[in-house]
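These values consider heavy atoms only, across backbone and side chains, with no hydrogens, waters or symmetry-generated copies. Proteins get letters first, then strands, A, B, ... in listed order; numbering begins at 1 in each.
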Amino acid sequence: MKTRIKNILREKPVGQPVALAGWVRTRRDTGSFSFIEINDGSCLANLQILADEKLSNYASDIKQLSTGSSVMVAGVLQKSPAKGQDVELQASQLTVIGTADPETYPLQKKRHSFEFLRELAHLRPRTNALGAVSRVRSRLSYAVHQFFQERDFVQVHTPIITTSDCEGAGEMFIVSTGQEKNKAEHFFGRSAGLTVSGQLQAEVYALALGDVYTFGPTFRAENSNTSRHLSEFWMLEPEMAFCDLQGNMAIATEMLKYLLNDAMSNCPEDMQLFDKFIEKGLLDKLRGVVEKEFAHITYSEAVDRLEKAKKDFVYPVKWGLDLQSEHERYLSEEVFQCPLIVTDYPASIKPFYMRVNDDKKTVAAMDILVPGIGEIVGGSQREERYDVLEARMIEAGIELADYAWYMDLRRYGSVPHSGFGLGFERLVQFVTGMANIREVIAFPRAPGSAPC
RNA sequence: UCCUCGGUAGCUCAGUCGGUAGAGCAGGUGGCUGUUAACCACCUUGUCGGCGGUUCGAAUCCGUCCCGGGGAGCCA
């Protein structure tokens, strides 16, 4: 029976027999024995093993051990007399499971660039930083479910293959068997694609179950090549019935604070690695976000501030034009220096499903901008009035027949409802301080690149 | 897709005015030591991203394509 290093280090059963299995990070030989550091992925820390020359396979196996080899070790845990670790394992048995030829094994004991590691998608989780990202990502995913389940939200598995394009959400990948000669022969009887958003389907379930969320992979065929875009990414989309924009903002804010707090309290060692080596001051930044109120301004106020700003922008600022990255960054990074919620954008630049405000010019939209990442959450109150929605769809040139089911939600028992989308990888980026989104997903897919 | 910077040993990089390539680390061998980015000595390693051009001669200059970083657009 093996014990995970995480538990060994937490419980420190000194004097007790312990067995574990993992991969060799480094070996150092001394006079009559070797120090071997083992990592088993359960935590950032390695466990130091002492392997004495009296072990039967000392000369044949243990002295040959190199970085990357896999081993099983049994022994007795003891207090360490030297600095660097509280406890260490005196091995009574060490079995080599798999060797790793040091001439060809690409990972070294020293630091590698993330660009290099990206070429080794199958080996990079064995590094400190990528292992830590994986654990924090897993924990955040768990915390997402915990947050919503604690609040009686129902998870809906919305479809990956979809026949409805969530307008304004980007280009779709087309799904087909490759055998169809014409549209009538299509596998689904109509053209289909990979989902760009589960929102419209989530609305269906919100108007039946009240509060729901969907959390799954999302696909965008955009040719965008940046440090915060992926072709395949995970998106969290809560949708709440009987909920207006104020309620939407409140739940999004509460959720973000909850998630940051959860990662900090449950992954302290990994978070300290990020704070120390990836983004200095990360923990202070996150604590600040948890403690401070999020700033909130309307789009009109944002335009006002930008027009009065003493800063030269490349792109023009004018009511009716969308805010550019430089504008969003100026507001969140320089003016407010904290997460900023911008609401009530012009209807002309937002999708048909967002609820038209009383001024008839703006919609009940909200974007949450965070320093360094930009937009992390985008949401809105949905248009629940049949006539208004129909007019907006016609204006947008949408085929009404294709969305009859969506219109039915407004025809039968319509209610005000709201929701938002959170880019999960952008959240992981924000929490870990990783500069490039390709480092926070196991196997990144981007134009021209899809390893493994 | 656009702008911009880059691609030299397994990794991180240097390479001047165009004259055929170097360091540190890693790896190998030997030594030493309760070590911990271990240490000391010696040794190995190159389609200079690809193709084409200019030139007596190209890592170096020009063209083009591929790949990567940063920024922009699109968005989450």
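In this structure, A/Leu50 reaches the bases: a heavy-atom distance under 4.0 Å links it to at least one base atom across the strands shown. Within the nucleic acid shown, A/Glu237 has no heavy atom closer than 4.0 Å to any nucleic acid atom. A/Glu326 comes within 4.0 angstrom of nothing in the nucleic acid, heavy atoms only.
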Where along nucleotides 4-13 of chain B does protein come under 4.0 Å, by heavy atom, of base (B) or sugar-phosphate alone (S), with - for untouched nucleotides? ------BBS-

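In the set B/G34, B/G73, B/C75, B/G73 carries the atom at the smallest distance from any side-chain atom of A/Thr226. In this structure, the nucleotide among B/U35, B/G34, B/C75 sitting nearest to the side chain of A/Arg220 is B/C75. Nearest nucleotide to the A/Ser227 side chain, out of B/G70, B/G73, B/G34: B/G70. Residue A/Asn223 has its side chain nearest to B/U1 when only B/A38, B/U1, B/U35 are considered. Side chain of A/Asn225, nearest nucleotide from B/G27, B/U1, B/A38: B/U1. Among the nucleotides B/G70, B/G34, B/G73, the one closest to the side chain of A/Asn436 is B/G70. Each of B/G71, B/G68, B/G34 was ranked by its minimum atom distance to the side chain of A/Arg438; first place goes to B/G68. Distance from the side chain of A/Glu222 is smallest to B/C74 among B/A72, B/C74, B/G34.
Between the A/Asp40 side chain and the A/Ile5 main chain, a donor and an acceptor come within less than 3.5 Å of each other.
Taking a pair to require two hydrogen-bonding distances under 3.5 Å in either a Watson-Crick or a G-U wobble arrangement, B/C25 pairs with B/G10. Across all strands shown, B/G68 forms a Watson-Crick or G-U wobble pair with B/C5, both key distances being under 3.5 Å. In this entry B/C48 has no Watson-Crick or G-U wobble partner, no candidate having both defining distances under 3.5 Å. The partner of B/C61, taking Watson-Crick or G-U wobble pairs whose two distances both stay under 3.5 Å, is B/G53.
Residues from residues 132-145 of chain A placing a heavy atom under 4.0 Å of any atom in RNA chain B do not occur. The stretch residues 365-381 of chain A comes close to RNA chain B through A/Glu375, A/Ile376, A/Val377, each having a heavy atom under 4.0 Å from the strand.
Comment: A/Glu375 does not engage A/Arg228 in a salt bridge, judged by the lack of any side-chain N to carboxylate O separation of less than 4.0 angstrom. Ionic pairing of A/Asp86 and A/Lys12 is present here: one or more N-O contacts between side-chain nitrogen and carboxylate oxygen are shorter than 4.0 angstrom. Here A/Arg382 pairs with A/Glu239 in a salt bridge; the nearest charged N to carboxylate O distance falls below 4.0 Å. Between A/Asp344 and A/Lys350 no salt bridge is recorded (no basic side-chain N to carboxylate O distance below 4.0 Å).
Residue pairs meeting the side-chain hydrogen bond (donor to acceptor under 3.5 Å, both in side chains) criterion with at least one member in residues 317-328 of chain A, sequence neighbours excluded, are A/Ser300-A/Trp319. Legend: side-chain hydrogen bond (donor to acceptor under 3.5 Å, both in side chains) pairs involving residues 129-145 of chain A, not counting sequence neighbours, sorted by first then second residue: A/Arg135-A/Asp270, A/Arg137-A/Glu425, A/Arg139-A/Asp262, A/His145-A/Tyr213.
Taking a 6.0 Å sphere around NZ of A/Lys6, one finds it holds 12 or fewer heavy atoms contributed by other residues, nucleotides or ligands.
Across B/A21 and B/C13, the matching C1' atoms stand 14 Å from one another, rounded to whole Å.
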When you compare the protein's N or O atoms with those of nucleotides 31-33 of chain B, which come within less than 3.5 Å of each other, and at what distance?
residue : atom : partner : partner atom : Å
B/U33   : N3   : A/Asp29 : O            : 3.0
B/U33   : O4   : A/Asp29 : O            : 2.9

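A/Phe313 and A/Tyr330 have their aromatic ring centers within a separation under 6.0 angstrom.
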